[in-house]
Amino acid sequence: MTDSNEMTINLVVLGRTQTGKSALGNSLLGSADFESHLSPSSVTTRCSLGHSSRILGIIRRNGCELALRVQVLDTPSYPHSALSKEQVRDTVRSALAHHFGEEGLHLALLVLRADLPLCPDESDHIIQFIQELLGPTWKNFTAVLLTHADKAEEAGFSEEAYLHSASSTLLSLLSSVQHKYIFLDNQKSIIKEERAIVLRKLLNFIRQNNYQVLLLKHSKE
């Protein structure tokens with residue numbers, strides 16, 4: 001927080017290539033800070049911090065409306081088409097410490113595609129990667145965002161039906177992060193109303209965590 005009338009939340013987006021990480025970051029910021037387009041290779045090769053303008057009408061505390069500011073750290077995908085796991089990990093870890101080392105991180109947003117199955121090996125690699133970045137309390141500070149939910153809907157899956165049919169691997173991951181997940185319709189992700197809904201859900205996750213932040217220090221292993 002910067003003052004009594006304003007609140008800043010710090011977010012980092014993580015995920016594999018073409019899940020929509022950078023597009024999500026842009027949607028949350030209400031801007032086009034991050035490069036995002038269809039590509040046969042990983043688009044993002046370095047970390048980049050984006051800042052939103054003041055957002056009104058999203059959050060109230062103690063009966064008073066607060067202005068919200070959002071900071072989003074966009075990161076290279078993992079696995080990456082050109083960078084090793086160690087390169088991605090060290091790049092992200094350094095950027096987290098640089099940008100959020102003093103203020104702390106509110107949430108890491110793990111971006112997965114709702115229209116693609118999550119396999120056990122992939123889940124294991126993702127979890128290990130996040131653990132190496134955030135440490136043993138990663139579950140408390142991680143939320144899953146399932147993009148391309150509109151494609152699942154087109155296939156006849158409601159959110160409830162989707163979860164009923166989801167793999168045990170995905171359900172286990174959602175359970176491990178205390179069911180902090182959001183389905184994202186990519187056709188609506190740039191719409192102002194949809195942005196407000198997603199931000200309110202993220203703030204609810206942060207509220208459930210008693211507004212705690214994860215303090216990040218740069219360390220070399």
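Model, not experiment: these values are computed from the prediction. In this chain, numbering begins with 1 at the start of the sequence shown.
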What are the two closest heavy atoms between [X] and [Y], and how far apart are they?
| X | Y | value |
| --- | --- | --- |
| Pro76 | Val88 | O-CG1, 3.8 Å |
| Val13 | Thr75 | O-OG1, 2.6 Å |
| Leu73 | Ala95 | CD2-CB, 3.9 Å |
| His106 | Phe141 | O-CD2, 3.6 Å |
| Glu103 | Asn10 | OE1-ND2, 3.1 Å |
| Val177 | Thr142 | CB-O, 3.4 Å |

(request) For the residue pair Asp74 and Ser22, confirm or rule out a side-chain donor-acceptor distance under 3.5 Å. (result)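 Yes, because at least one side-chain N or O of Asp74 sits under 3.5 Å from a partner of the opposite role on Ser22.
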Taking C-beta and beyond as the side chain, do [X] and [Y] meet within less than 4.5 Å on heavy atoms?
| X | Y | value |
| --- | --- | --- |
| Ile9 | Leu11 | yes |
| Thr8 | Val70 | no |
| Gln208 | Asn204 | yes |
| Gln178 | Asn140 | yes |
| Ile59 | Met7 | yes |
| Leu105 | Leu134 | yes |
| Thr19 | Leu145 | no |

Once you round to the nearest 0.5 Å, how far does [atom1] of [X] lie from [atom2] of [Y]?
| X | Y | atom1 | atom2 | result |
| --- | --- | --- | --- | --- |
| Phe34 | Leu28 | CZ | CG | 9.0 Å |
| Glu153 | Ser158 | CD | OG | 8.5 Å |
| Gln71 | His51 | CD | NE2 | 5.0 Å |
| Leu146 | Asp185 | CG | CG | 12.5 Å |
| Arg61 | Leu203 | CZ | CG | 10.0 Å |
| Gln87 | Tyr78 | CD | OH | 12.5 Å |

Checking the side chain of [X] only, and the main-chain atoms of [Y] only, is there a donor and an acceptor separated by less than 3.5 Å?
| X | Y | value |
| --- | --- | --- |
| Thr147 | Ala114 | no |
| Ser167 | Leu170 | yes |
| Lys180 | Leu202 | no |
| Arg60 | Gly63 | yes |
| Ser176 | Leu173 | yes |
| Ser27 | Ala23 | yes |

(request) Please collect all salt bridge (charged side-chain N to carboxylate O under 4.0 Å, His left out) contacts where either partner lies in residues 9-19, sequence neighbours excluded, each pair once. (result)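 Qualifying pairs: Arg16-Glu122.
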(request) Report the C-alpha distance between Ser52 and Arg195 in whole Å, list the side-chain angles of each, state the deciding distance to 0.1 Å, and finish with yes or no for side-chain contact (heavy atoms from CB on, under 4.5 Å). (result) CA-CA 12 Å; Ser52 76; Arg195 177 197 186 200; 4.0 Å; yes
(request) Let me see the working for Ile182 and Val198 under side-chain contact (heavy atoms from CB on, under 4.5 Å), right down to the final yes or no. (result) CA-CA 8 Å; Ile182 301 174; Val198 173; 4.3 Å; yes
Verify the cluster assignment for [X] and [Y]: are they in a single hydrophobic cluster under the rule of side-chain heavy atoms below 4.5 Å apart?
| X | Y | result |
| --- | --- | --- |
| Leu215 | Leu96 | no |
| Leu107 | Ile58 | yes |
| Phe205 | Val213 | no |
| Leu171 | Ile126 | yes |
| Leu216 | Leu49 | yes |

(request) Check the pair Glu6, Arg54 against side-chain contact (heavy atoms from CB on, under 4.5 Å), reporting the backbone distance first and the verdict last. (result) CA-CA 8 Å; Glu6 188 173 290; Arg54 285 164 55 95; 2.7 Å; yes
(request) Please name all residues satisfying salt bridge (charged side-chain N to carboxylate O under 4.0 Å, His left out) with Lys85, sequence neighbours left out, ordered by chain then number. (result)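 Once residues adjacent in sequence are excluded, the partners of Lys85 under the salt bridge (charged side-chain N to carboxylate O under 4.0 Å, His left out) criterion are Glu132.
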(message) Does atom CD (Glu102) have a neighbourhood of more than 12 heavy atoms from anything else shown, all under 6.0 Å?
(response)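 12 or below, so no.
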(message) Check the orientation of Phe183 and Tyr162. Use parallel for under 30°, tilted for 30 to 60°, and perpendicular for over 60°.
(response)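 Ring orientation, 0 to 90° scale: perpendicular.
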